[in-house]
Structures are given as C-alpha cells and as structure tokens.
There are 2 protein chains.
Amino acid sequence: MTTIQDVARHAGVSVSTVSNVLNGRTDQMRADTLARVEHAIKMLQFRPNKLARQLKTGQTPLLGLLVPSMANPMYSYIAREIEAIAQERFGYRLVIGSTHRTSDREASFFEDLLAHGVRHVIVISSLSDERHIELAVERGMTVVSYDRPATLGQPSLIEHVTPDNFEAARLATEHLIRYGHTRLAFATVSGMTMSRSNKIRGFLAAAEHAGIQAGAHVFDSGPLEDYGDSVIAEVGYALALQIANAPARPTGVVAVNDLLALGLMAGLRETGLQVPRDVSVVGIDGHFLSALSNPMLTTVELPVPEMARAMVERALRRRDANTEVEATGCEAIFPPTRLIERESVAPPPQEGGPGAPQQPSATRNP
Amino acid sequence: MTTIQDVARHAGVSVSTVSNVLNGRTDQMRADTLARVEHAIKMLQFRPNKLARQLKTGQTPLLGLLVPSMANPMYSYIAREIEAIAQERFGYRLVIGSTHRTSDREASFFEDLLAHGVRHVIVISSLSDERHIELAVERGMTVVSYDRPATLGQPSLIEHVTPDNFEAARLATEHLIRYGHTRLAFATVSGMTMSRSNKIRGFLAAAEHAGIQAGAHVFDSGPLEDYGDSVIAEVGYALALQIANAPARPTGVVAVNDLLALGLMAGLRETGLQVPRDVSVVGIDGHFLSALSNPMLTTVELPVPEMARAMVERALRRRDANTEVEATGCEAIFPPTRLIERESVAPPPQEGGPGAPQQPSATRNP
DNA sequence: TTGAAAGCGCTAACAT
DNA sequence: ATGTTAGCGCTTTCAA
C-alpha cells in the first residue's frame, strides 16, 4: 500500500506538503510544487488511508443505518434512497444493520459504530425505549430517528423525521368511507410502536368523524413480529381469518403498511373472500410492489425520497457545538404524498346480497 | 472518550497489560492483575477503538457488500442472510452499496472500501468485466463473487458462489413441458449477464430435450435496467405485450426471476390474458413475495441461506498467504432447492377453444 | 512557501 | 508477569 510518505519522497517534498494538497490547502503553494505532488499521487495511485486520517480528525465518512429488517422491501427502499443521497451529496458510505426491533441488538450496533468511529446514525426503530440512543448521543453521535415522533414536551437530543402516520391512516380510512363502507377494520401486526398507534388514531378519528366509530375495529396478528420475512403470508392468513369471522364482518380494511396489505389479500383469498367485491383493502406506503398485486392495491403514498433526504441532511449536518440542547424544533413530519387509487377498493357488498361469500373455515375468533 | 491509557492508569498497570487482556493473552497473567484490569474496563465503560487497532493490525471487522440495487427484494433478502451470518458467526458488520451494475460505481466502491481498510468483499455483479475486481484482489482484498461462475480454464483470484442457473431454468421449463406446454417463452430484462445467459441455456436445453425447441423463444424487455425499482411494472407490461402479440403465442413462460414474474403477471392481466388459464408462469428465486401473488407463483427455490453462508465463509476465511494462486477449485455451484408448485401453472388452453383471450391492444411486435 | 515533529489509540516486540 | 517503546498513516501546529 502506498502511503503519504511514498508520495512525499517521490515528489521530493515533505509529508505535510502532500497532506496540504490532499486537503485543498493549495492557495499559498507554488504551482510547480503542487504539480509535482499531484503527479506523484497519480503515478503511485495513492489513496489516502481514511482510517489514519480518522484517527487524527475523529471523522469518518460512514453513515450508520439501523433498520428492523433489511429483508422488508419498504425498509430496503428507504435504505436505497438514503444511500443514494448520502453517497452522492456527501460522499458517505452506509454501514447497515438489522435489529429485528430488539433493543440489545440496537445497543450492540451503536457500540460497534462508536468503536468504528462512526458518528452519524439513522435509526428506524420505534422502540419505546430511546435510552440507549440518547446514551449514544451523549457519547458524541448525531442520530436521527425515523417513524417515531418526538415525545411531546420532552426535549430530546435526537432529531425525528417521520411521515404523518395519523394523516396517512385517516386518508386511507376516509377513502373507504367515501365508498360507503361503514364496517371498518384496521389490520396490523402486533407490537405497539408509536407509528402504529398513530395510524390507529388516524383510523379511529376518520371513523368517528363519519359517525361510524361503532363499526371500526383494530385487528392484530398475534405475537408475530419479524414480518419482513416469509411469515407475512401466515400473518396475512391469520388476520384474514379474524376479519372473515368477525361478528359483523368489516367490508373495508386499512392495512398498517403495503406489505401487510399484500399478505392480507393473499390470506383473504384463502378464506374465500374476494377483494374488492367482498372486502376492500387499502395500504399505506405506496411501495412499488403494491402496483404489482392482483387486484392492484390502492394505497397512501409516503414521500420516501423527501424523508430520506431530510434524514441524511440532519444526520450529516455539522452540529455547532452547543446547538444540541435547544431541542423541541428538531422534528419533521411529512404528510403523505397522495392516495393512489387502484383496484382494491369498491363499494361494500349488499347486505345478504349476491356478493355474500362462502363461509370460511374458521379456526379463531377475535 | 476513554482510552486504553485511562484504563491502564485506573488499574495501575501498563497499557500493554491492558492490551493483553483485550486480546485474550491472559494465560501468563496474575489473577488479581487481570481482575483489576477487567474491573477498570467495566468502570470506565471502555470500548477499544477499532480504528486505532486496525491502523496497527490492518484488520477491520467490516464486510463490504456490493449489490446491483438494495431496493430489489431478492438482493435485500440475500443481504439480510449475509448480514446475519457475518454478524453472528464472525462479529463483522456490513458496509453496503448499490452499483446499478455500472463498473465505475463498482470501482469507486472498491476504492472506498480499500481506503477504509475493508479487506473482505462480497460482490453481486455479473458484469462481464472483472478487471476492477482483480485489481482489488491484487491490492490485498479477499473478494467473492455471486451469480457469476468462474470463467472456465481461466484461473481467477476471486472465489465464485453461484446458484446453478442452468439447472434452475431447466427445472422451471421442464415443469411447463410436463403440463403439456409446447410454445414456451423465457422472459428477461435486457442486458446479458452470465447468470441470465445460463438460465437461457437451461431453458433452451429443456425445450430441446423435449423436441420443442422450435417453439421456445427468448423475450427481453428492451433497454431498461434498474428493475429493482418501480419500472418493474412497465417492464412487465412491455414484456406481456410482446408475448401476447407473438405470432404463435407462447402458453408457458419462464421468468428470469420472481420479481420479473410478478411484474409480468401484472402486465399480462393488463393485456387481458389470464394466468394460468391463458398463460402459465414460473419464476426463479423462491422469494417469499412469490407466495403473496394472485395467483400464487410457482417458482424454483434457490438455497439462499446456504449460499450466503458459503459466501461469508469464503470471504472471511483467512487466506494463507500464497494459497491464492491455486484458483480453479474456488467455485461453488448450488443446485436449486426445489420447485415450489403453486397456482400459476396449468395445462395450456385448447387451440381456439373457450380459453382464447380477447385481443390485446398491441403497440409493439417482436 | 515548505518542513519537522508531535501525536490520534492501539499492538507487539523486546526488556526487565 | 509486567513495563517500555516504536510505530501504523495521517493531520496540524509551529518553525524555518
């Protein structure tokens, strides 16, 4: 490996001169010196060792990214956007990790990042306990959290970027109501993250506003969590069964996200219910996969590229020493882009009419 | 930040003693010394700086992973498996990058990894030109390449792990043939990677073996490449149109991968063709999303966890100085796990029978 | 305008 | 059994 020493020797200058050109301090430099150094760099194919530099400066162009699961298409979509911006605009690379929403994995990831000198992290977590994150901040990290609004009145050291989950769910629900649905379901995996409970609030608010809160219910999948995985099919089926067997069966369901909506539609099909004839489904995310389903999924699109940009900028922006404490203002909430109308929503079936589905084989009743 | 010096001072020993316990050289050490050091480490919450260590040892517990696109669910699935093994078995973290299959992005990623001291890389690329990779190997990296078999007879410095693409496509095609199909299509995005051409060979071989090679054709999407993206819907539609309008319309199609199969089924629907009544589709990958489609996709499952393990082991296994040159043996080909029969394959429709589809609005003819 | 030198935090001979 | 010390490759005062 060629070092700065080699370059200095080759150019007949000192290492500090080479270092100066590496860092753009060439204003006071004689043109031919600069030229000699640059030539030597080219000749020797010299690449400065970022590690050595970082040991000195305490800076490394690496951005940590923590996601619940890389295998979940929505997170990998967000990750791709984050990567593109971090790379193109700031020259940062991504160190990524899946946490499966466990705080010990999160904590150990932070430990490692710290040890590697990474000082900028984006966390998609929604874990209720932010203590290990705040600890990292105290140790000098800049962290921005996704999908988890700042706790009100509690000034936090970490910045928050989040879609307006309340509004997204409200929009989805309103759409169903506009189509005439009065018996509504909100389908979610179990485990109450802040983003999920905000979606539920939006769902309920829309129902209430339409005066049909009595017909609006929340269904969750039971104790499955790693739904970025193949289990999504099982989760969808379990949920479909619950919905199919509910006393006054819902005719419209809002899914907590697109992936669950896809799983749910598959499950519904297995129980013998047709979408949208028997039950309408709307998703939240606007992931490109939702355009591939049959029927194509109607969904609320989230502004992923914009949120990704906001996160990267906040994570990489140099903090002016003491600005950190002024908290409160450090939250950005992004309204959903729009509702994409496709094929999974129709008016509710006539009561007892021709659209009545065959009775599914129930195994479970909520 | 607490350093090894602080620990040494706190424990009343020298830094080398601390270093020794950090590196497990505690056999010759007096028990109480060890205890004091360990206590000090705990007290001060000391985490050794991996950067400083690496500057000394030239080792950093980071694994580089290059994928065409993180947003492609198949790659993010593979990435998740790789991450899990690298982390759990070797304590390595992942530095990930999307290359969009361009060699300058690949090259710049290698540059950066090198500068960061990363010496182990897994590349999913299939670019025909491996020169920039071999260059990285010469500079001391261990790289393993996925989905790109070693060029025969040409000893390579890099290890190759790949599914048996020929066999996977052959299996898929054979399945269609077994159902009675004689007019077959292979649907792929354009851009000839080695894995794609091997799949095509497998497709053709199966057709030939059944004596129906005259009815077997390859369709490609035209000049679209970044199909990890939303464009998959357009690609699927373009391909569906080609297939629908082909002179003797194929009744069975093998898709180059599951994602394309999903896009194709969506496209087919738009052209008015029904799967599997009018045309049967089989995918390659066995991705969990294929279980969610309607109809559920019949697909050839690839042994992703096994391949991921093989890649990580090869990438992180210490190379014995000169073992590198003995090439040839450094290739592992994984046969497909099995064919997962689901709903997207049926016998071909009767000629001119009731299954005949409405004429789609053609805009393009292959 | 350029060079000498002191570290950044850690490891690993080599001493003791 | 433990301590001393010389770097790893770079940045950055401070001198010249």
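So you know, we letter chains A, B, ... as the sequences are listed, proteins then strands, and number each from 1. Heavy-atom basis, side chains included; hydrogens, waters and symmetry copies ignored. As the structure is a prediction and not an experimental result, all values here were calculated from the model.
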Inset, instruction - Round to a whole Å and report the spacing from CD1 of Ile4(B) to C1' of dA12(C). - result: 11 Å

Counting only pairs under 3.5 Å, give me each side-chain donor-acceptor contact of residues 34-45 of chain A, with atom names and distances, residues two or more places apart or in other chains.
{"from": "Arg36(A)", "atom 1": "NE", "to": "Ala11(A)", "atom 2": "O", "distance (Å)": "2.9"}
{"from": "Arg36(A)", "atom 1": "NH1", "to": "Asp32(A)", "atom 2": "OD2", "distance (Å)": "3.3"}
{"from": "Arg36(A)", "atom 1": "NH2", "to": "Ala11(A)", "atom 2": "O", "distance (Å)": "3.4"}

Inset, instruction - Considering only heavy atoms of chain B and a distance under 4.0 Å, specify the first and last nucleotide of DNA chain D in 5' to 3' order that meet this criterion. - result: dA1(D) to dG9(D)

Inset, instruction - May I ask you to test the Met307(B)-Glu81(B) pair for a side-chain heavy-atom distance under 4.5 Å? - result: no

Inset, instruction - Report which part of the nucleic acid Val15(B) touches: base, sugar-phosphate, or nothing (heavy-atom distance under 4.0 Å, all strands). - result: base

Inset, instruction - Would you classify Thr17(B) as touching base, sugar-phosphate or nothing, given that sugar-phosphate means primed atoms plus P, OP1 and OP2, and contacts are heavy atoms under 4.0 Å? - result: sugar-phosphate

Inset, instruction - Calculate the interatomic distance between Arg25(B) atom CZ and dA13(C) atom C1'; express it in whole Å. - result: 11 Å

Legend entry - Flag side-chain contact, heavy atom, 4.5 Å: Ile96(B) against Glu83(A): no

Inset, instruction - Would you kindly check whether a donor in the side chain of Lys56(B) faces an acceptor in the base of dG9(C), or vice versa, at under 3.5 angstrom? - result: no

Inset, instruction - May I ask you to verify if any side-chain N or O of Ser14(A) is less than 4.0 angstrom from the OP1 or OP2 atom of dG3(C)? - result: yes

Inset, instruction - Determine: side-chain N/O of Asn23(B) to OP1/OP2 of dT11(C), distance under 4.0 Å, yes or no. - result: yes

Legend entry - Note, Lys50(A) side chain near Arg93(A) side chain (heavy atom, < 4.5 Å): no

Legend entry - Glu111(B) and Arg139(B): CA distance, side-chain angles, deciding distance, side chain to side chain contact (heavy atoms under 4.5 Å, CB included) verdict: CA-CA 10 Å; Glu111(B) 283 293 337; Arg139(B) 295 213 220 160; 3.2 Å; yes

Inset, instruction - Compare all side-chain heavy atoms of Pro48(A) with those of Ile4(A) and state whether any distance is below 4.5 angstrom. - result: no

Legend entry - Atom-pair distance (CE on Met29(B); C1' on dA12(C)), nearest Å: 13 Å

Inset, instruction - Indicate, with a heavy-atom threshold strictly under 4.0 Å, whether Ser16(A) touches base, sugar-phosphate, or nothing. - result: base

Legend entry - Close side-chain approach of Pro305(B) to Tyr77(B), heavy-atom, < 4.5 Å: yes

Legend entry - Spacing between Met1(B) atom CE and dG9(C) atom P, to the nearest angstrom: 7 Å

Legend entry - Separation of dC8(C) C1' from Arg53(A) CZ (nearest whole Å): 14 Å

Inset, instruction - Give Leu51(A) one of three labels, base, sugar-phosphate or nothing, depending on what nucleic acid heavy atoms sit under 4.0 Å from its own. - result: nothing

Legend entry - Whole-Å distance separating the CZ atom of Arg9(A) from the P atom of dA4(C): 13 Å

Inset, instruction - Specify the separation, in whole Å, of atom CD of Gln5(B) and atom C1' of dG7(C). - result: 11 Å

Legend entry - Length of the line joining His116(A):NE2 and dG9(C):P, which is rounded to integer Å: 17 Å

